[in-house]
Amino acid sequence: MRNTCVTIHISNFLHNLGEIRRIVGPRVKISAALKANAYGHGALVMARAAEKGGADFLGVASPAEGAELRGGGIRLPILLYGLALPEEAKIVTENDISASVADEEGLAVFEQAAAACGKKARLHLKIDTGMGRIGCTPQDAPGLARRIAFSSHLVLEGVFTHFPSSDESSPVFTENQIGVFSAAVDAIRKNGADPEIVHASNSGGILQYPAARFSMVRPGIILYGYYPSQDVPRPFTAKPVMELKAPVLFVKKIAAGTTVSYGRGWTAPRETCIATLGAGYADGYPRLLSNKGRVLINGTCYPVVGRVTMDQTMVDLGPQSHVRRGDQAVLFGPDPSGPDAWEIADIAGTIPYEITCGIPLRVRRSIREADFCAE
Ligand SMILES: *Cc1c(COP(=O)(O)O)cnc(C)c1O
């Protein structure tokens, strides 16, 4: 088995969740985003951690992700943030997963599925106030909400919206969305429907817009230890949950003028020691870090030299080094003396979401908490 692995620091996740709880208070529900295998961290493990840490809901992207959690014994309410296809409505309802709907057609599908399995389908009406992805118009919301609330097969469990720029410094667009959404919720109530849960805020919304907490918030990236952007307030220290490590496979001394890796993109300026690490872009370490990244080995950072290859990456240890074969290199993680996923993302021109989601399954996950050793 390869020694390249991600360590999942459950205690950091519980810290981040606890801080979100402290900020929103005891009465606002928290729906922890567990989609995309919990941003690459492992859905079932993170679901158990979220349960332990007092989350009220779990957010998934697809019926399959929700069914996986139910199959793993997770009892917390689960909300499908995305839309189900008509043929998936039955699995969703049977698994007691709450679904998002955005139009008459979508709710009719759930009405039929609920009737067929003898259960009520719990629906959240999604209102598009500016994301431009899924959702009904604010004008259509009162009619759709009423239709759900008065159907004998459906429950209007929630209404919600989503923010495309809550992590940016200008508040104009998001504040307008909050106004439009609040007015839509008022109109829904005036029209005789009473949604149990009203929600809007992602991580950026939680950090910047206290007025948008309503009765539930939907944190994602912040739970995994990263701020959604460099522009949001930082009311607490978010602790990264994922740590990517690779073993030193080989150490060699090379002469000045020797080149390293494909394309010979790096030439040793002096005699130096090079370590070859057992991780490359096929382990989720972006090739864009060639000649730009740095790794942490035994408390010291060393630069990546030459191109990152599929399975291996080289770093310059300098002329004198105590680094040995078998030592562990941290490619990113919570240790403040080394790189984190934001540093990697900045170099690669992306966001930490894509870095943690991009760790492939061949990289072993190991869980850092005794009570989670079941995985
Ligand atoms: C992913 C997602 C979130 C969480 O977003 P973060 O930016 O990671 O906090 C919240 N709401 C919806 C609908 C989502 O899809």
Side-chain angles (χ1 to χ4, degrees), residues 13 16-17 19-21 23-24 28-41 43 46-47 50 55-66 69 77-84 97-102 106 123-136 157-168 173-174 177-178 181 197-209 212-236 238-242 341-342 345 350-358:
F13 181 86
N16 301 330
L17 179 52
E19 291 291 315
I20 295 297
R21 171 59 73 204
I23 286 173
V24 304
V28 172
K29 289 180 193 287
I30 297 177
S31 178
L34 289 191
K35 59 199 188 192
N37 198 27
Y39 290 41
H41 293 66
M46 300 323 292
D56 303 280
F57 258 84
L58 304 174
V60 298
S62 67
E65 289 182 355
L69 295 181
I78 295 174
L79 173 59
L80 186 54
Y81 288 172
L83 296 179
I97 295 167
S98 304
S100 298
V101 292
L123 302 184
H124 290 232
L125 179 65
K126 178 75 178 277
I127 307 173
D128 185 2
T129 59
M131 176 68 187
R133 195 166 59 177
I134 57 173
C136 65
E157 188 177 61
V159 297
F160 73 117
T161 193
H162 193 47
F163 297 143
S165 43
S166 60
D167 59 349
E168 290 170 10
F173 192 82
T174 308
Q177 279 190 283
I178 296 168
F181 180 61
I197 311 173
V198 176
H199 50 114
S201 283
N202 49 6
S203 296
I206 294 166
L207 296 167
Q208 298 216 86
Y209 300 96
R213 291 188 189 140
F214 301 102
S215 50
M216 185 162 84
V217 293
R218 302 188 308 270
I221 196 71
I222 192 75
L223 295 175
Y224 301 101
Y226 293 102
Y227 290 93
S229 77
Q230 313 289 4
D231 299 326
V232 291
R234 301 182 170 216
F236 64 93
K239 298 184 179 173
V241 175
M242 180 186 283
W342 250 121
T350 183
I351 49 175
Y353 300 70
E354 196 180 19
I355 300 298
T356 66
C357 286

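We count ligands from 1, going down the list as the structure has it; atoms in each ligand are counted the same way. It should be emphasised that the depicted structure is a prediction, and the values quoted were computed from it without experimental measurement.
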Full working for side-chain contact (heavy atoms from CB on, under 4.5 Å) between Gln230 and Trp342: CA-CA 9 Å; Gln230 313 289 4; Trp342 250 121; 3.6 Å; yes

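Every heavy atom of Tyr224 sits 4.0 Å or more from the atoms of ligand 1.
Shortest contact from atom 7 (O) of ligand 1 to any protein heavy atom: Tyr353 OH, 2.7 Å. For atom 2 (C) of ligand 1, the nearest non-hydrogen atom of the protein is Lys35 NZ, 2.4 Å. Among all protein heavy atoms, the one lying closest to atom 9 (O) of ligand 1 is Ser203 OG, 2.5 Å.
Backbone and side-chain nitrogen or oxygen atoms of Ala33 are examined, and none is located within less than 3.5 angstrom of a nitrogen or oxygen of ligand 1. For the pair Tyr39 and ligand 1, the shortest N or O to N or O distance falls below 3.5 Å.
Applying the side-chain contact (heavy atoms from CB on, under 4.5 Å) test between Val24 and each of Arg213, Lys29, Glu19 identifies Arg213 as the sole match.
Closest of all the heavy-atom pairs between His41 and Val241 is CD2-CG1, 3.7 Å. Taking each heavy atom of Leu207 and Pro233 in turn, the nearest pair found is O-CG, 3.4 Å.
Phe160 is listed as a side-chain neighbour of Ser100, based on a closest heavy-atom distance under 4.5 Å.
Of all the heavy atoms of Pro228, none lies under 4.0 Å from any atom of ligand 1, so neither backbone nor side chain is involved. Contact annotation: for Arg218 versus ligand 1, heavy atoms closer than 4.0 Å belong to both the backbone and the side chain.
Atom-to-atom distance recorded for Met216:CE and Arg218:CZ is 7.0 Å, nearest 0.5 angstrom.
Per-residue contacts place Ile221 under 4.0 angstrom from the following atoms of ligand 1 (heavy atoms of the residue considered): 6 (P), 8 (O), 9 (O).
Within the 3.5 Å criterion, the main-chain N or O of Ala99 finds no donor-acceptor partner in the side chain of Glu157.
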